Amino acid sequence: MSRFSLYKTTRWKRSRLDHLSREPICRYCRQMGFVNDGSLTAAGERQSNPKRRFLVVDHIVPHRGDLALFWDQANWQTLCPDHHDIVKQREEVRGFSNARGPDGWPLDPHHPANR
Ligand SMILES: [Zn+2]
C-alpha cells in the first residue's frame, strides 16, 4: 500500500474526524493567540479563498510510510492550510522536523541530534 493510499482508508477518515473533534483549531494559530477553526488565514484574517477553509490533521514527525508513526495519534496535530504549507516547506528544505517532545528532545529520527 502506498503512503498516499493510507489517507483513503476508512480507518484514517474516521480517525481524522475523531482527532478534529478533540482538537478543532489550528495548533500554531492557538500558540499565536487566536482561535482558527479553519475559517482564518495564519495571520488571523478571514480566509477569502473558500477552498482553503479547512483543517489538516498533520503528522508532527513525517511518517514517510512508517505505519507506526502514521497511526500514532500522539504524532498528530491540527493545522490550518497556511501553517501546514509553512511547516512542510521548512521540513522539505531541512530534511527533518524540528518538533520536540515534552523532554525537549527532537522527535524526528532524521533530526541531526538523533542520527
Ligand atoms: Zn494556523
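As the structure lists them, so they are numbered: ligands from 1, and atoms in each ligand from 1. When a residue number appears, it is its place in the shown sequence, counting from 1. What you see is a predicted model, and the numbers here were worked out from it, not measured in a lab.
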Peer 1: Short check: any N/O/S atom of C26 below 2.8 Å from the Zn ion (ligand 1)?
Peer 2: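 Yes, since at least one N, O or S atom of C26 sits under 2.8 Å from the Zn ion (ligand 1).
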Peer 1: Within 45 degrees of the axis of the six-membered ring of W71 and under 6.0 Å from its centre: does R11 put its NZ or CZ there?
Peer 2: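 Cation-pi check for R11 and W71: passes.
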Peer 1: Quick one, R52 with D85, criterion side chain to side chain contact (heavy atoms under 4.5 Å, CB included). Give me CA distance, side-chain angles, the key distance, then yes/no.
Peer 2: CA-CA 11 Å; R52 286 181 72 78; D85 290 350; 2.9 Å; yes
Peer 1: Just do the side chain to side chain contact (heavy atoms under 4.5 Å, CB included) check on M32 and H83 with the steps written out, would you?
Peer 2: CA-CA 11 Å; M32 288 164 62; H83 274 127; 3.6 Å; yes
Peer 1: Do D108 and R94 sit within salt-bridge range, that is, some charged N less than 4.0 Å from a carboxylate O?
Peer 2: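 A salt bridge is absent here (no side-chain N lies under 4.0 Å from a carboxylate O).
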Peer 1: Rounded to 10°, how many degrees is the angle SG/C29-the Zn ion (ligand 1)-SG/C80?
Peer 2: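 The angle at the Zn ion (ligand 1) comes to 120°, rounded to the nearest 10°.
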Peer 1: Closest to the Zn ion (ligand 1), which N/O/S atom of H83 is it?
Peer 2: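 Sorting the N, O and S atoms of H83 by distance to the Zn ion (ligand 1) puts ND1 first.
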